[in-house]
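Structure first, then comments.
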Amino acid sequence: MSARTIQDQAIARKTFVQQAAHADADDPASPLRGGAMFSTKSKSGYTLGATEDQFFEAADTSLLPVIRVDAASLMQVSRQLESIAKRQAPRIAFKAKGSILLLNLFDILAVQAEGNYVSLQHRPNPYLVHESLSSMAEKLKPYGFIRIHRSVVVNVSAVEEVQPLPTGEYRLRVRGGKEYLVTRTYKHNLRDLAQLWVGTERLCG
């Protein structure tokens, strides 16, 4: 390092200290006034430096703003986000009792065959729709529904637990506690239950 550089740094340090002392005298609670604070780093670590009208010092994380958010605020934001997500979620429209109803697909836990109808398992009330299960399964497949039985289609996002059975079948539990049987014919569809499998073998084998 040249003598001129060392001299310049010494002058900068002295000027900085004098400016800081003057600022403290005017307002003890404030840092150096009138200048942007930032840092520069050399091989020997952080250094002080100065330009014509600005001073800067080593970055101090204690000067960063601290944002405090209480649990109630987080819960409120969470509910708002959930509400927005539901408004933007795909919906299904169908005729029921002379009217056309619209439901968020997220709220439909499963679809079950009921003769020439299908029952949309929606809490708290299920709805009967005049449609075949095969047709419904095909229409709902792009929206995260899988077939697990010849008479049952479930919403992947509603599945909370899967239990293997000695018969080679599976018992599947959805939100709310209702359980469905996954037959061996459709067990390969279980691979779609999650995008990531950790610490367990894939259910579909």
Side-chain angles (χ1 to χ4, degrees), residues 66-205:
V66 176
I67 301 174
R68 301 183 185 279
V69 181
D70 57 61
S73 298
L74 287 176
M75 290 297 295
Q76 182 180 1
V77 171
S78 177
R79 287 193 294 268
Q80 290 174 347
L81 290 175
E82 183 178 354
S83 176
I84 292 173
K86 285 188 175 182
R87 288 199 301 268
Q88 295 178 343
R91 300 197 292 176
I92 182 173
F94 58 93
K95 290 183 179 180
K97 298 179 180 180
S99 300
I100 297 177
L101 299 180
L102 295 99
L103 298 178
N104 288 326
L105 290 178
F106 175 82
D107 296 326
I108 298 175
L109 305 177
V111 181
Q112 290 182 260
E114 299 283 352
N116 294 328
Y117 291 78
V118 292
S119 175
L120 305 181
Q121 299 301 302
H122 176 272
R123 299 177 65 189
N125 302 314
Y127 295 93
L128 282 177
V129 179
H130 192 271
E131 186 101 15
S132 71
L133 186 68
S134 296
S135 175
M136 285 295 292
E138 191 65 26
K139 291 177 180 178
L140 293 174
K141 186 176 180 180
Y143 301 100
F145 285 73
I146 60 172
R147 194 161 186 171
I148 61 168
H149 190 279
R150 63 183 179 85
S151 61
V152 180
V153 172
V154 298
N155 186 346
V156 166
S157 66
V159 177
E160 294 183 337
E161 184 180 348
V162 179
Q163 180 182 0
L165 300 176
T167 59
E169 299 172 319
Y170 294 85
R171 184 180 292 115
L172 181 150
R173 180 172 58 80
V174 299
R175 290 194 308 265
K178 189 166 184 178
E179 296 182 341
Y180 296 95
L181 181 68
V182 183
T183 60
R184 286 177 291 182
T185 302
Y186 297 100
K187 72 176 185 178
H188 64 278
N189 288 336
L190 294 179
R191 65 167 62 97
D192 296 326
L193 289 177
Q195 289 73 43
L196 180 65
W197 297 83
V198 179
T200 182
E201 295 180 1
R202 296 180 69 88
L203 294 177
C204 60

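Note that these values count all heavy atoms, side chains included, but never hydrogens, waters or copies made by symmetry.
Between R91 and L102, the closest heavy-atom pair is NH2-CD2, 3.8 Å. Listed here is the closest heavy atom pair of L109 and A158: CD2-CB, 3.7 Å. Across every non-hydrogen atom of R123 and G176, the tightest pair is NH1-CA, 3.5 Å. Closest approach of V159 and V162 over heavy atoms only: CG1-CG2, 4.1 Å.
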Derivation and outcome, side-chain contact (heavy atoms from CB on, under 4.5 Å), residues Y186 and I146: CA-CA 9 Å; Y186 297 100; I146 60 172; over 6 Å; no

Steps toward side-chain contact (heavy atoms from CB on, under 4.5 Å) verdict (L103, Y127): CA-CA 10 Å; L103 298 178; Y127 295 93; 3.7 Å; yes

I148/N189 under side-chain contact (heavy atoms from CB on, under 4.5 Å): CA gap, chis, key distance, verdict: CA-CA 7 Å; I148 61 168; N189 288 336; 5.6 Å; no

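Distance check, rounded to the nearest 0.5 Å: CG of L120 to CD of E131 gives 10.0 Å. Taking CG from L181 and OG1 from T167, the interatomic distance works out to 7.0 Å, rounded to the nearest 0.5 Å. To the nearest 0.5 Å, atoms OH (Y170) and OG1 (T183) are separated by 11.5 Å. To the nearest 0.5 angstrom, N155 atom CG is 11.5 Å from H122 atom NE2. Taken to the nearest 0.5 Å, the CG atom of L105 stands 12.5 Å off from the NZ atom of K139. Put simply, NE2 on H149 and CZ on R147 are 9.5 Å apart, with the number rounded to the nearest 0.5 Å.
The environment of CD1 in I100 is sparse: at most 12 heavy-atom neighbours from other residues, nucleotides or ligands sit within 6.0 Å. Counting heavy atoms of neighbouring residues, nucleotides and ligands inside a 6.0 Å radius, atom CD of E138 does not exceed 12 of them. Counting non-hydrogen atoms of other residues, nucleotides and ligands closer than 6.0 Å to OH of Y143 gives a total of 12 or fewer. Other residues, nucleotides and ligands contribute over 12 non-hydrogen atoms within 6.0 Å of the CZ atom of R175.
You'll find the side chain of M136 stays beyond 4.5 Å of the side chain of F145, heavy atoms only.
For the pair R184 (side chain) and K187 (backbone), a donor-acceptor distance under 3.5 Å is absent.
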